[in-house]
Amino acid sequence: MNSIKEDSAYNNARSSKYWQQLQTLAAQPWSLATLFAQDDGRATRFSTQEGALYMDYSKQCIDETVLSNLLSLADSCDLSARIKALLQGAMVNTSEERAALHTALRLPETAALQVGEQNVVADVHRSLAQVARLSERVRSGIWRGFSGKAITDVVNIGVGGSDLGPLMATTALDEWADTDIEVHFVSNMDGTQLDNLLKHLNPETTLFIISSKSFGTIDTLSNAKTALSWLLATAKLRAGTEDSVLRRHFIGISANGDKMSAWGIHPEHQLQLWEWVGGRFSLWSAIGLAIAIRIGMAGFKALLAGAHSMDEHFAQADFAENLPVLLGLLAVWNSTFLQVNAHTVLPYDGRLSYLPSYLTQLEMESNGKSVTQHGDHIDYDTCPILWGEIGSNAQHAFYQLLHQGTQQVSCDFIACVRRYSDKVHNASLQQQHELSLANCLAQSRVLAFGNAAIADTDANAVTEADKYKYYRGNQPSTTLLIDELTPHSLGALVALYEHKVYVMASIWDINPFDQWGVEMGKQMAESVHYAMQQEDSGQFDTSTDQLLQHIKRWS
């Protein structure tokens, strides 16, 4: 199959008549209060379910005409063909000329996918078998540190997708943990996280996972070097050797085996990535080793199975009932047509505390682009600014802006229906859970309808003296309810957002799988770091040179 860039069969949605019709529709005044008042069946028609995920998007500023045009817009850019290209290993990452096969990472062992000379499914399951072997050695106590003691703590050193993915998943699924081994995460380049963590760990019983696709990321390697020095300082006092420390206390996960070997990772403790695994799509791969250690391989495989179930839904469901397609089209409608250029993710469940950060990287690094796959500059808005927080915390932080600020912001509310049902003394916890759910529904209602959300309240009755109490409403939102948070349902949820990103990118005709925007800053940092070591650093702009001189004077 040809690449999207080269295949003339792929059309550009921008030139479609449906694009023009949506622009006209967006110029009309949209009132959620009016839409609901005119249509008693609105909530039923603008909601759908797949597996454990129920999605209500009736509080979006759409009607049947808008939805019809959005679905036609998806057809106009050959979205079905693009989905097929993604799942079958076509060269969808056009700037780097490779496939983006994160969906292959969760294919069952009985599946078949051949990309060029590579039997992708066989390779993936060989890697998963190695993840299972190493995780079980750690979990069972067979893996021993340099002094012969079993591992009690595992530290994942990575950044970006090599940190956010496993961090988000292990936090969300911690109640599924069936081991006393604690899993920690370090990403910050300045050493703060690692320094604080090492004060509380025992070097004899700590295992480090170095997660880096290139094994050249300075953030990750600087932390790894510090961890090695910490181990050696103790090991030498106990007659341990550097080779023994490296073999007993480090696992490497990378697409670059040579660099892992050069750093000192033992060949048996090297887990393979592939160039077609993007960092922000990599938690399903060996990057998920920390997840497998914490919740077991069965739990990790359930996570993969949940994601695969969403892959199948994405590939097979009619677009009008397809959760990722609908979520992506709504995002395009808000950002590109209604020019709602901010989006917030609000999970009303503490277990999903890192989901907003994870999705911030997933969406903004993927779709923060201003050039099409064909090299044309874009004249429309693409990815909105995305952020989020646990809903109950956000209510006391930035909901003021959502309710009464000057910006329009679209929202995703996420909540779990069932929780604490397996706890003996669960009355108080269950009440807290119900209170959280009530707040979730209440906030989305007030954001949609403003002052009119309160029964028997005239939205226009706010007097001149108390206008500061006015809630304008009309903030669009989608609510996602998860029957129960499990490895399977979490996998489906994350895959839903991955495919949402791809739908948005397909409509905008951009490549969501590269991230050239972060490269130049890294290169410049090397030059600036070199200049810090020199007497004369007058080689940049006057501001940077002045800042360097200030740092040198005070360091």
Side-chain angles (χ1 to χ4, degrees), residues 13 22 43 45-62 66-75 77 79-80 82-83 86 102-103 280-281 306-307 309-338 340-347 352 355-356 358-364 366-367 381-388 409-415 440 444 475-482 489-508 510 512:
L22 286 164
R45 285 185 293 101
F46 293 122
S47 61
T48 188
Q49 181 162 6
E50 168 56 26
L53 304 184
Y54 177 83
M55 186 172 84
D56 180 331
Y57 57 99
S58 61
K59 295 188 185 76
Q60 292 287 344
C61 294
I62 63 168
V66 170
L67 181 59
S68 176
N69 276 277
L70 285 170
L71 293 170
S72 296
L73 187 69
D75 290 333
C77 74
L79 181 59
S80 293
R82 291 174 186 260
I83 293 172
L86 172 72
H102 47 283
T103 56
R280 55 195 175 278
F281 300 93
S309 70
M310 184 56 66
D311 297 340
E312 292 190 309
H313 171 73
F314 185 45
Q316 298 169 8
D318 184 272
F319 285 175
E321 300 293 330
N322 194 307
L323 268 67
V325 171
L326 291 170
L327 203 59
L329 291 176
L330 290 168
V332 170
W333 168 244
N334 282 325
S335 182
T336 303
F337 296 100
L338 294 181
V340 179
N341 299 130
H343 181 72
T344 186
V345 177
L346 305 164
L352 297 175
L355 181 65
Y358 179 82
L359 295 180
T360 294
Q361 184 201 21
L362 176 65
E363 296 207 18
M364 292 205 290
S366 295
N367 285 342
D381 290 334
T382 57
C383 188
I385 296 169
L386 187 146
W387 85 103
V409 181
S410 60
C411 308
D412 283 357
F413 290 90
I414 303 173
C440 177
S444 69
Q475 293 278 50
S477 71
T478 295
T479 299
L480 278 163
L481 295 180
I482 308 168
S489 64
L490 179 66
L493 177 68
V494 175
L496 165 63
Y497 275 96
E498 287 182 345
H499 295 321
K500 170 201 173 184
V501 164
Y502 187 64
V503 171
M504 296 157 71
S506 297
I507 301 296
W508 291 326
I510 58 178

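All values derive from a computational prediction rather than experimental measurement.
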Using every non-hydrogen atom in the two residues, find where [X] and [Y] come nearest and quote the distance to one decimal.
X	Y	value
Val501	Glu363	CG2-CG, 3.7 Å
Val503	Pro324	CG2-O, 3.9 Å
Ser444	Phe413	CB-CE1, 3.5 Å
Ser335	Cys383	OG-C, 4.3 Å
Pro384	Val340	CB-O, 4.2 Å
Ile507	Ala74	CD1-CA, 3.8 Å

To the nearest 0.5 Å, tell me how far [X] [atom1] sits from [Y] [atom2].
X	Y	atom1	atom2	answer
Asp75	Ser80	CG	OG	6.0 Å
Met504	Ile510	CE	CD1	8.0 Å
Leu362	Leu355	CG	CG	9.5 Å
Thr103	Ile83	OG1	CD1	11.5 Å
Leu22	Ser68	CG	OG	9.5 Å
Ile482	Leu53	CD1	CG	6.0 Å

Heavy atoms, side chains only, cut-off 4.5 Å: are [X] and [Y] in contact?
X	Y	result
Asn322	Thr48	no
His102	Leu86	yes
Met310	Glu498	no
Pro347	Pro356	yes
Leu496	Leu480	yes
Thr344	Val409	yes
Asp412	Tyr497	yes
Ile385	Asn341	no

Inset, instruction - Without swapping roles, check the side chain of His343 against the backbone of Ser410 for a donor-acceptor pair under 3.5 Å. - result: yes
Legend entry - Residues which pass salt bridge (Lys or Arg N to Asp or Glu O under 4.0 Å) with Lys59, listed by chain and number, not counting sequence neighbours: none
Which residues pass the ring-ring contact (aromatic ring centres under 6.0 Å, His included) test with [X], sequence neighbours left out?
X	answer
Phe46	Tyr57
His313	none
Phe319	none
His499	Phe314

Legend entry - CA sep, side-chain torsions, deciding dist, call: Thr382, Asn367, side chain to side chain contact (heavy atoms under 4.5 Å, CB included): CA-CA 7 Å; Thr382 57; Asn367 285 342; 5.7 Å; no
Inset, instruction - Determine, stepwise, if the pair Val494 / Tyr358 fulfils side chain to side chain contact (heavy atoms under 4.5 Å, CB included). - result: CA-CA 9 Å; Val494 175; Tyr358 179 82; 3.6 Å; yes
Inset, instruction - Start with the C-alpha distance between Leu326 and Leu67, add both sets of side-chain angles, then the distance that settles side chain to side chain contact (heavy atoms under 4.5 Å, CB included), and finish with yes or no. - result: CA-CA 9 Å; Leu326 291 170; Leu67 181 59; 3.9 Å; yes
Going by atom type alone, with no hydrogens or angles, which donor-acceptor pairs under 3.5 Å involve a side-chain atom of residues 327-334 and a protein atom two or more places apart or on another chain?
residue : atom : partner : partner atom : Å
Trp333  : NE1  : Cys61   : O            : 2.8
Asn334  : ND2  : Gln60   : OE1          : 3.0
Asn334  : ND2  : Leu330  : O            : 3.3

